[in-house]
*Asks:* 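Got a structure for you, questions after.
Model, not experiment: these values are computed from the prediction. Numbered from 1 within each chain, the chains take letters A, B, ... in sequence-line order.
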Amino acid sequence: MHDDIVPAYDHLKHESALYLMWEKNHAFQPNFSNSKSQTPRLPSTWHVGQVNSKQIPNNKAQSLKRDDHSLEFRTSSLGLPYFSMVMPPPNANGSLHIGHAVFVTLEDIMVRYHRMKGDLTLWLPGADHAGFETQVVYQKKLEKDPSFAKAKEGKRSREETFQDILAFTLANKENMENQLRRLGASCDWTRAKFTLDDDIIKIVYQTFKELYDDGLVYRDSKIINWCTKHQTTLSDLEITHEDRASELYEIKYDDITVATTRPETMFGDVAVAVNPADKRFKHLIGTTVIQPLTNRELPVIADELVDREFGTGALKITPAHDGTDYDIGKKHSLAMDHTAFDFFGKLGGNWVPIKYHNLKGEEARKKVIDDLEKLGLLTRKPYKNSVAVCYKCHKTIEPMVLPQWFIAMTKKTKSEKLKAKNYGVASPQSRNEGKSLQELGIEAVKSGEVKFVTKKFEKIYLHWLENLRDWNISRQIVWGIRIPAWYCENYLKSQMSNVKSADEKSKIGDGISSEVATCPVGPRQNEVDSSEVEEEQKTCQPIITAGETPDKCPTCGSTQLTQDPDVFDTWFSSGQWTFAPLMTTNSNHPELKERSRDFETFYPTTVMETGHDILFFWVARMIMLGKYKTGKAPFKYVYLHGLVRDKDRQKMSKSKGNVVDPLGVIDQYGADALRMALVFGVSAGNDIVISEEKIKGMRNFSNKVWNIARFVISNLETLNSKSEVLNKSQIQNSKLQTDADKVILQKLEQTEKSVKKDIENFRFHEAAQTLYQFIWHDFADIYIEVSKKQLEDKDLSLNTYFILLNTVKVSLKLLHPFMPFVTEAVWQEMVARKLVSDKMLITSNS
RNA sequence: GCACCCAUAGCUCAGUUGGUCAGAGCAUCUCGUUUACACCGAGAGGGUCAGAGGUUCGAGUCCUCUUGGGUGCACCA
């Protein structure tokens, strides 16, 4: 009888208890006393590329080449083989979604595999404050949840607002961490870091200062992307282009007709440009034309950037509100300060006739069109154009000229500023002096220092890097790491003539601090005399520190210092996430007393696994900043997963109602079923199709595993030679092997070999399918059925039982990375009956 | 506009240097109430691997073109 093992696996009963057991027993922490780790092994023991060819059937040894991404042998500074991964820190602003389940599954498979293999293994978890994203989520919550908003009523200072969002974030962070536990993430919680931890911020500040000292960070007024809803600038990555049905308007400016999709920007015009080779306009170059509605006189200039084929061949130039116009304006030394819009996208300012003031968007356009049509100066044609929009609110981006902090991506570092780094890893030579961040990023991949598991992403990565533009890292929001730049009163006097007024900002009504607004965002060039700026800049400069507040301006000695109100683009700090947490956590190993930081032991990390949608946002920045800061690329392999889709290949969205809630799935079918469903049949980089049927099928598989073990365990009781099983380590006597025995043993060996190879080559779906096939069909359907008869034969029974037991043990070990809970649950049943010696499967590496 | 990827059973997808590769899961049909499991078992049907050409002794697997679908990048106002 086996009445103590229930016939159906009950995931609810086991999962949280097992997780607790693992965590209590420090199973997730790197184990320095692990015997395998203590003795550095030769690469050939586990580098598939160097596997003994005799072990591989059919002389296929050489097939393990080329596209195989077998993890190369690497040792830490201690000479230990290690496997390390820094978890992509989930945004601490909501619950986990199915995408998180994907990364946990894939990363946990690798981590559990390497841990069981005996490698010194670290998976370092974290949480991301996710600046802009979180502030947007928080704002929405204020808008939609009256009771929540009520508590925040009244004027909140910047500091109060920051604290409000911090409390919101920390609550989410705890929730999120518990959800990661439910997914089975075997990460080392004792090392968990938050992107706003003091020691992390300090490193981010140091990097900023280094970049500034190296000449790679600069402040400049340039045309940037302004979101009129969120009241902040955005990087080029944070905008997307949407095709919109629109109209192309042709407006008669005297003798020249210009073509535009945005007639309302005409008040910002400073010139009309034509192509120098265009015969139609040649005679007009150098003359002027009169603009309708304003009767302003505009010079006609020539520039090759103007496309003769497009529209009328004549382009109105609005440097303050258009990228191309900005470039042309700069080239021709035109006035760059003719703004037509305020921060909310409303028409206004000196250049706009009063009757148009405060009109916005469609309204503004309609008024301008109507007036021009009345004058008979406008014609329109249908036109589909691509509009830049905010990736969050999808509102049209307003290009504006504003002073911001930028990181120069293509400029070479100043080598004379380089010096040995605090962490002892970056000698001046290894700091790649004289190279640009762009070059560092390209070289890391082209040289093979960083390898993409999926080639197509390597191409996409390189294509993006080769066309890089400078990165605006200033954000006009509260929630984030404040930029460590201070301005003295003299500097400000020259710069702050145009400031976001408190009145303006308070109109947002979003509960977000109004103190931001009282600080200067910097100059709007239209009110700064350029000669004066130049003169001032010779004397007083922004003061950049590694975080500490300066006492006085080193140039003029003023103690009246104002900190820049802006915060960093979150990706600037998360771009440092591969090394920053490792620099702040400790290895706690006796031999590491002197140099005990995890950084020495675990950097560079082995794999970076994340979604392909943040290839540029994150992966590219980590490579560049990691190379820059440490001299080494931050990881060896990049594994990018795709988007999760439903069974009809539809993207998941709340409006479609096809969102799969991972926590709900775990409740119903178990974490193992969810995890297996997320890898089964999914190859690297491709989108992940999941359906309830698939999850259900995997739940059935976990039950199959449970019952296989139940069968084997229960047969121990009926076995005559029970004591022999428990006391002998012998596996089988080959003389007594039946054909069925031979087949299962051979298949087991094949399975083990190919599963290991597949995991090391990131072919998790192959490994999962191989295991599914072997365990269910080869072992359960065929061998177990045969074994029922063999167990009754007194000559064969003992041998058969050993084979059964051994097959179960090996199967559990191989399957554990994929389905950690049911395998460990079964293992514990076996521990209780002394059928296995290792106390926990998770750390079993025999 | 430029670039990249994909097109294999009803559905969703695997298929690793070209040679048992024509596969899996789900679905469908038939049979089975065998004490590990009905969250089960035994068996069956179903694809000229988008189309055309080429390289090769041999091609879903490499090359070219066509068609269809997807994605990334982009200052055509």
Side-chain angles (χ1 to χ4, degrees), chain A residues 1-2 5-9 60-69 223 236-237 240-241 248-249 258-262 265 273 305-307 309-318 322-328 383 385-386 388 399 454-464 466-467 469 612-613 615-616 642-643 645-649 669-670 673 676-677 680-683 685-694 696-715 754 757-758 761 763 765-766 768-770 772-773 776-777 780-781 784-785 787-788:
Chain A
M1 289 302 285
H2 42 261
I5 304 183
V6 297
Y9 171 61
K60 276 193 162 185
Q62 54 180 350
S63 75
L64 303 171
K65 285 293 109 58
R66 252 196 33 148
D67 270 13
D68 273 11
H69 289 283
I223 192 135
D236 291 340
L237 282 178
T240 62
H241 294 266
L248 184 64
Y249 304 94
V258 298
T260 180
T261 54
R262 299 191 65 195
T265 63
L305 277 177
V306 179
D307 182 353
E309 307 300 317
F310 188 89
T312 59
L315 175 62
K316 65 187 207 54
I317 301 298
T318 320
D322 184 275
T324 309
D325 295 5
Y326 179 83
D327 291 342
I328 293 177
Y383 180 70
N385 67 340
S386 158
T454 309
K455 273 276 182 283
K456 73 172 171 180
F457 292 120
E458 183 174 313
K459 286 182 186 167
I460 294 171
Y461 170 90
L462 288 173
H463 179 257
W464 182 75
E466 278 154 9
N467 299 289
R469 286 153 58 166
H612 71 62
D613 53 331
L615 172 60
F616 307 140
L643 214 63
R645 295 171 181 272
D646 72 8
K647 64 176 191 301
D648 301 318
R649 269 205 132 271
Y669 299 108
M676 196 67 171
F680 206 84
V682 179
S683 57
N686 286 349
D687 286 347
I688 298 159
V689 177
I690 194 167
S691 62
E692 179 146 12
E693 291 75 38
K694 192 174 179 185
K696 210 180 276 182
M698 295 306 151
R699 185 275 316 265
N700 295 352
F701 181 53
S702 64
N703 191 53
K704 177 60 79 173
V705 172
W706 176 260
N707 274 288
I708 286 170
R710 185 163 167 256
F711 173 81
V712 174
I713 290 169
S714 67
N715 271 291
S754 76
K757 193 182 98 185
D758 284 336
N761 287 298
R763 295 191 295 256
H765 62 289
E766 290 284 322
Q769 242 179 73
T770 302
Y772 185 98
Q773 173 67 31
W776 196 317
H777 302 304
D781 287 348
I784 285 188
E785 291 307 319
S787 77
K788 287 174 182 172

*Asks:* Given C40(B), C39(B), A77(B), identify the nucleotide with an atom nearest to the side chain of Asp322(A).
*Replies:* A77(B)
*Asks:* Any salt bridge between Lys455(A) and Glu458(A), counting N to O under 4.0 Å?
*Replies:* yes
*Asks:* What's the closest nucleotide to the Lys459(A) side chain, out of C4(B), U16(B), C76(B)?
*Replies:* C4(B)
*Asks:* Across all strands shown, which nucleotide pairs with C2(B) by Watson-Crick or G-U wobble geometry, both distances under 3.5 Å?
*Replies:* G72(B)
*Asks:* Of the nucleotides G25(B), C73(B), C39(B), which one has an atom closest to the side chain of Trp464(A)?
*Replies:* C73(B)
*Asks:* Taking the same atom, C1', in U30(B) and in G69(B), what whole-Å distance lies between them?
*Replies:* 38 Å
*Asks:* Do any side-chain nitrogens or oxygens of His765(A) fall under 4.0 Å of OP1 or OP2 in G15(B)?
*Replies:* yes
*Asks:* If I pick the P atom on U64(B) and the same atom on C5(B), what distance separates them, to the nearest angstrom?
*Replies:* 11 Å
*Asks:* Check this one for me: any side-chain N or O of Asn700(A) less than 4.0 Å away from OP1 or OP2 of C40(B)?
*Replies:* yes
*Asks:* Going through the distances and angles, do Arg710(A) and Asn703(A) end up as a side chain to side chain contact (heavy atoms under 4.5 Å, CB included)?
*Replies:* CA-CA 10 Å; Arg710(A) 185 163 167 256; Asn703(A) 191 53; over 6 Å; no
*Asks:* Which of the following nucleotides, A77(B), C4(B), U16(B), is nearest to the side chain of Lys456(A)?
*Replies:* C4(B)
*Asks:* Counting only Watson-Crick or G-U wobble pairs whose two distances fall under 3.5 Å, which nucleotide matches C65(B)?
*Replies:* G51(B)
*Asks:* Searching all strands shown, indicate the nucleotide that pairs with G60(B) (Watson-Crick or G-U wobble; both distances under 3.5 Å).
*Replies:* none
*Asks:* Check every atom of A24(B), A77(B), G72(B) against the side chain of Phe680(A) and return the nucleotide holding the closest atom.
*Replies:* A24(B)
*Asks:* Answer yes or no: side-chain N or O of Lys694(A) and base N or O of C26(B) forming a donor-acceptor pair under 3.5 Å.
*Replies:* no
*Asks:* I'd like the C1' distance from U71(B) over to A24(B), given in whole Å.
*Replies:* 27 Å
*Asks:* On the side chain of Arg710(A), is there an atom forming a donor-acceptor pair with the base of C37(B) - under 3.5 Å, no angle test?
*Replies:* no
*Asks:* Of all the choices, U16(B), G41(B), C39(B), which nucleotide is nearest to the side chain of Asp781(A) once you look at every atom?
*Replies:* G41(B)
*Asks:* Taking C6(B) as the reference, what is the distance to G60(B) when you measure between their C1' atoms (whole Å, please)?
*Replies:* 13 Å
*Asks:* Would you mind classifying the nucleic acid contact of Ser386(A) as base, sugar-phosphate or nothing, using non-hydrogen atoms under 4.0 angstrom?
*Replies:* base
*Asks:* Does Glu466(A) have more than 12 heavy atoms from other residues, nucleotides or ligands lying within 6.0 Å of its CD?
*Replies:* yes
*Asks:* Ignoring backbone atoms, test whether Ser683(A) places a side-chain nitrogen or oxygen under 4.0 Å from the OP1 or OP2 oxygen of A14(B).
*Replies:* yes
*Asks:* For the base of A36(B), is there a side-chain donor-acceptor partner from Glu785(A) under 3.5 Å away?
*Replies:* yes
*Asks:* Check whether any side-chain N or O of Arg469(A) sits under 4.0 Å from OP1 or OP2 of C75(B), and answer yes or no.
*Replies:* yes
*Asks:* Has Lys704(A) got a side-chain N or O lying under 4.0 Å from the OP1 or OP2 atom of G41(B)?
*Replies:* yes
*Asks:* Can you say whether the rings of Tyr383(A) and Phe310(A) are parallel (under 30°), tilted (30 to 60°) or perpendicular (over 60°)?
*Replies:* perpendicular
*Asks:* Do the side-chain N or O atoms of Asn686(A) get closer than 4.0 angstrom to the phosphate oxygens (OP1, OP2) of A14(B)?
*Replies:* yes
*Asks:* Please determine, for the side chain of Ile708(A), which listed nucleotide (C26(B), A36(B), A77(B)) has the closest atom?
*Replies:* A36(B)
*Asks:* Using the P atom as the point on both nucleotides, what is the distance between U35(B) and G25(B), in whole Å?
*Replies:* 25 Å
*Asks:* Using the C1' atom as the point on both nucleotides, what is the distance between A7(B) and U17(B), in whole Å?
*Replies:* 24 Å
*Asks:* Please determine whether a side-chain nitrogen or oxygen atom of Lys647(A) lies at a distance below 4.0 Å from atom OP1 or OP2 of C26(B).
*Replies:* no
*Asks:* Could you please name the option among A24(B), C75(B), A77(B) that lies closest to any side-chain atom of His241(A)?
*Replies:* C75(B)
*Asks:* Provide the closest heavy-atom pair for Lys704(A) versus Ala780(A) in the form atom of the first, atom of the second, distance.
*Replies:* CD-CB, 4.0 Å
*Asks:* So Tyr772(A), base contact, sugar-phosphate only, or nothing? Heavy-atom distance under 4.0 Å.
*Replies:* sugar-phosphate
*Asks:* C1' atom, G18(B) versus C63(B): distance in rounded Å?
*Replies:* 13 Å
*Asks:* Roughly how far apart, to the nearest Å, are G46(B) and C29(B) at atom C1'?
*Replies:* 11 Å
